[in-house]
There are 2 protein chains.
Amino acid sequence: MGVSKTHIFSISQNELAQAAKVFAHPARIAILEYISRQENCICNDLVDVIGLAQPTISQHLNEIKKIGLLKGTFEGKNLCYCINQERWEELQQSFNAFFSNINQNCCQI
Amino acid sequence: MGVSKTHIFSISQNELAQAAKVFAHPARIAILEYISRQENCICNDLVDVIGLAQPTISQHLNEIKKIGLLKGTFEGKNLCYCINQERWEELQQSFNAFFSNINQNCCQI
DNA sequence: AGGTTTTATCGTAATATTGCAATATAAAAC
DNA sequence: GTTTTATATTGCAATATTACGATAAAACCT
């Protein structure tokens, strides 16, 4: 019935899926890539750069923020979003472990 | 209007997002983990192991298959799904590059 | 051929996601 | 204090995803 049955899966399976969901939209990939290229990220830039409406960008930023990937603070009048380094490396390790632990030779065809 | 504006993003951004989408459900994580543990994967096992209905499992397998992550063949009467090693490593590299290329120090707070 | 087992497809319901216009909020500038 | 600028929230429409019952298809076994 359209509801993800998250309760039947392990915590780590749900967490990895949750993180993957954030990367599962090109706008969020683009936003992360753009932020990483800037010294200071002003959100209004994103609207111009990405090409989506301001509320949509705000929504995407919120998704990224929800899994702890962004730190934000004010500097002058502009909100400055930054990538949370600790969290980023944590996720990098999770994905790397997932990719590395999969045995790719279940049956040789 | 609910349509992903994929055309305004780069091919690599869309491809990474597309791959992430496959990992964005705990059932598919669980399926991949289970397949990797088996010598031979019989789909009916998955229904018991994962705890979702057979059509749902079939649907999830199809999502995984669509990005080329599965090779399947028949052995006796049972379909044997295997992880496509080349594709797996390709995706591993894509994710690794994405994680590594992000500069995490856009502004120090 | 007829029955059994396994997987795929169809149809449909519930929920989630994506996107934006309109509006609200908050801080800076004047 | 009002205007400007930047971001967040609300409300809603379009589409996508998740899930499963019913059914079909394919292969095996008598």
Side-chain angles (χ1 to χ4, degrees), chain A residues 1-9 13-14 17-31 34-35 38 40-67 70-82, chain B residues 1-9 13-14 17-31 34-35 38 40-67 70-82:
Chain A
M1 292 135 193
V3 196
S4 271
K5 291 189 162 179
T6 52
H7 61 283
I8 67 176
F9 303 106
Q13 285 166 345
N14 275 304
Q18 207 62 35
K21 206 175 271 188
V22 173
F23 302 126
H25 195 292
R28 292 191 286 267
I29 302 281
I31 287 171
Y34 182 74
I35 294 177
Q38 305 311 115
N40 298 302
C41 169
I42 295 110
C43 187
N44 196 244
D45 284 3
L46 283 173
V47 177
D48 301 333
V49 171
I50 307 288
L52 293 170
Q54 181 268 321
T56 309
I57 296 289
S58 183
Q59 232 171 183
H60 281 305
L61 277 170
N62 213 258
E63 293 299 312
I64 301 172
K65 218 186 292 179
K66 273 199 302 196
I67 55 157
L70 290 182
K71 297 191 291 193
T73 195
F74 285 94
E75 121 170 345
K77 78 178 154 193
N78 298 321
L79 186 49
C80 174
Y81 285 101
C82 305
Chain B
M1 294 137 188
V3 197
S4 272
K5 291 191 161 180
T6 52
H7 62 282
I8 68 176
F9 303 106
Q13 286 166 345
N14 275 304
Q18 206 63 36
K21 206 175 272 189
V22 173
F23 302 126
H25 195 291
R28 292 193 286 266
I29 303 281
I31 287 172
Y34 182 74
I35 294 178
Q38 304 311 113
N40 298 302
C41 167
I42 296 109
C43 187
N44 196 244
D45 284 4
L46 283 172
V47 177
D48 302 333
V49 172
I50 307 289
L52 293 171
Q54 180 268 322
T56 310
I57 296 290
S58 184
Q59 232 173 182
H60 280 306
L61 277 170
N62 213 259
E63 293 300 311
I64 302 172
K65 218 186 291 179
K66 272 200 300 194
I67 54 156
L70 291 182
K71 297 190 291 191
T73 193
F74 285 94
E75 123 168 344
K77 78 179 154 193
N78 297 322
L79 185 50
C80 173
Y81 284 102
C82 305

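Below, chains carry the letters A, B, ... as their sequence lines are ordered, and counting in each starts from 1.
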Side chain of Pro55(B), heavy atoms from C-beta onward: which of dC20(C), dT7(C), dA22(D) has the nearest atom to it? dA22(D)

Which nucleotide, if any, forms a Watson-Crick or G-U wobble pair with dC30(C), using both distances under 3.5 Å? dG1(D)

From CG of Asn14(A) across to P of dT18(D) the rounded distance in Å is 13 Å

Below 4.5 Å, heavy atoms only, C-beta onward: do Asn14(A) and Gln18(A) meet side chain to side chain? no

Side chain of Asn62(A) only, heavy atoms from C-beta on: which candidate in dC20(D), dG19(C), dT9(D) is closest? dT9(D)

Give the rounded distance in Å between these two atoms: CD1 of Ile64(A) and P of dT18(C). 11 Å

Integer-rounded Å distance: dA6(D) P and Asp45(A) CG: 9 Å

Most 5' of Thr56(B) and His60(A) on DNA chain C, judged by nearest nucleotide: Thr56(B)

As a test of reading the structure: which of dT9(D), dT17(D), dA8(C) is closest to the side chain of Ser58(A), going by heavy atoms? dT9(D)

Taking only the side-chain nitrogens and oxygens of Lys65(B), find out if one of them lies under 4.0 Å from OP1 or OP2 of dA8(C). yes

I need the NE2-P distance between His25(B) and dA16(C), as an integer number of Å. 11 Å

Side-chain donor/acceptor of Arg28(B) to backbone N/O of Val22(B), under 3.5 Å: yes

Take atom CD1 of Ile31(B) and atom P of dT18(D), then tell me their distance rounded to the nearest Å. 11 Å

From Ile31(B) atom CD1 to Leu46(B) atom CG, the distance as rounded to the nearest 0.5 Å: 5.5 Å

Show, in sequence, the C-alpha distance, side-chain angles and deciding distance for His25(B) and Ile29(B), and conclude whether the side chain to side chain contact (heavy atoms under 4.5 Å, CB included) test is met. CA-CA 7 Å; His25(B) 195 291; Ile29(B) 303 281; over 6 Å; no

Just how far, in rounded Å, is C1' of dT7(D) from CD1 of Ile35(A)? 14 Å

Just N and O in the side chain of Lys21(A): are any of them under 4.0 Å from OP1 or OP2 of dT17(C)? yes

Using a cut-off of 4.0 Å on non-hydrogen atoms, how would the nucleic acid contact of Gln59(A) be classed: base, sugar-phosphate, or nothing? base

Rounded distance in Å - CD (Glu63(B)) to P (dA8(C)): 13 Å

Within a strict 4.5 Å, meaning less than it, do heavy atoms of the Val47(A) and Leu52(A) side chains meet? no

Give a yes or no on whether a donor-acceptor pair under 3.5 Å exists between the nucleobase atoms of dA6(D), that is its base, and the side chain of Gln54(A). no

Touch check for Ile57(B), heavy atoms < 4.0 angstrom, all strands: base, sugar-phosphate only, or nothing? nothing

Starting from P on dT18(D), measure out to NE2 on His7(A) and report it in whole angstrom. 16 Å

